[in-house]
Amino acid sequence: VNDVLRFVTDEVSDCPLQQQKLWVLKPSDASNAYGIHFFPTSEARQVAEAVFGTKEGTESNEHGIVFVVQLYIWPLLLDALHSRKFHIRTLLLCRGGPLKQLDVFIYHESRVLVATEEWSPQDLSNKWIHITNMSVNCNHASYNAAEQNRSLVSVFGDERAKQIHDRMTDVTKEVMQ
């Protein structure tokens, strides 16, 4: 609990005021939005205690699951898809390593996966405004595969999609080297 509070407090000073300092706490090795929590800084203690318990000195939850806490990505690019969050899913092949030139090949048919409901900071408990995974969203009554699983080119156009792919390639090289 104290580690989460210390991290959240340390990071607040670098955060733009208009963001309301939103956070994500999630299991490091889970998928399909399992165990994910969204919260403002003001609720950090309540969320951390709910996940980790209230015992002094507790460093993990009762199941020993490792969690990641991260600042909510800001600004959101909501204009691209009718005020809905999205993520880009792409396939990369990396060849090489730390002592060699890293070659990065990107599959140009990247997908844009879109949340089911419009994003709003007013209801952080509504998972449908945050979660962009198709495996979760397909369970919502309003899920529309044609609108929520689109090609990168159909969302951003050829030129911008190429810029995005080029940037993803550059970032991958920087991170992997």
Heavy-atom nearest pair, A115 first then I129, reads CB-O, 3.9 Å
Transitive ILVMFWY cluster of Y34 at side-chain heavy atoms under 4.5 Å: who else is in it? none
Search all heavy atoms of P27 against all heavy atoms of G35 and return the closest pair with its distance. CD-O, 3.3 Å
Applying salt bridge (charged side-chain N to carboxylate O under 4.0 Å, His left out), run through R167 and E174 and close with a yes or a no. CA-CA 11 Å; R167 184 65 185 132; E174 289 174 27; 3.7 Å; yes
Kindly give the cluster partners of Y143, where membership spreads through any ILVMFWY side chain lying under 4.5 Å from a current member. M134
May I ask you to decide if the ring planes of F38 and H130 are parallel, tilted or perpendicular, using 30° and 60° as cut-offs? parallel
Atom CG of L152 and atom NE2 of H165: how far apart are they, to the nearest 0.5 Å? 5.0 Å
N133 side chain to S135 backbone, donor-acceptor under 3.5 Å: no
With a 4.5 Å heavy-atom cut-off, do Y107 and L93 have their side chains touching? no
Residue pair L92 / V104, side-chain heavy-atom distance below 4.5 Å: yes
Criterion side chain to side chain contact (heavy atoms under 4.5 Å, CB included) on D103 and Q101, from CA distance to verdict: CA-CA 6 Å; D103 295 320; Q101 166 94 19; 3.9 Å; yes
Can you name the residues that form a side chain to side chain donor-acceptor pair (under 3.5 Å) with R111, not counting sequence neighbours? N149
What I want to check is whether the side chains of E147 and H82 have a donor and an acceptor closer together than 3.5 Å. no
Decide whether Q148 and T116 meet the rule of one side-chain donor and one side-chain acceptor closer than 3.5 Å. yes
Can you establish whether the number of heavy atoms outside N139 located under 6.0 Å from its atom CG is more than 12? yes
Sequence neighbours excluded, which residues qualify as side chain to side chain donor-acceptor pair (under 3.5 Å) partners of K26? none
L102 side chain reached by C94 side chain, heavy atoms, under 4.5 Å: yes
L71 and L22, any side-chain heavy atoms less than 4.5 Å apart: no
Nearest 0.5 angstrom please: K127 NZ to H37 NE2, how far? 12.5 Å
Can you confirm whether F156 sits close enough to I164 that some side-chain heavy atom of one is under 4.5 Å from a side-chain heavy atom of the other? yes
May I have the step-by-step check of side chain to side chain contact (heavy atoms under 4.5 Å, CB included) for R160 and V155, ending in yes or no? CA-CA 9 Å; R160 184 70 177 129; V155 174; over 6 Å; no
Roughly how far apart are F105 CZ and T172 OG1, rounded to 0.5 Å? 12.5 Å
Is there side-chain contact between V68 and L25, with at least one heavy-atom pair below 4.5 Å? no
Does one side chain, of S125 or D123, offer a donor that lies under 3.5 Å from an acceptor on the other? yes
Can you find a heavy atom in the side chain of V24 that is under 4.5 Å from one in the side chain of I36? yes
Could you measure the distance from the CD atom of E117 to the CH2 atom of W119? Nearest 0.5 Å is fine. 14.0 Å
Listed by chain and number, what are the side chain to side chain donor-acceptor pair (under 3.5 Å) partners of D166, not counting sequence neighbours? K162
Any side-chain heavy-atom pair from V112 and V114 closer than 4.5 angstrom? yes
In short, S154 meets S151 closest at the heavy-atom pair OG-O, 2.8 Å
For the CG atom of N137 and the CZ atom of R84, what is their distance to the nearest 0.5 Å? 9.5 Å
Sequence neighbours excluded, which residues qualify as side chain to side chain donor-acceptor pair (under 3.5 Å) partners of T132? H87
Pairwise distance CD1(I131) to CG(L113) - rounded to 0.5 angstrom: 12.0 Å
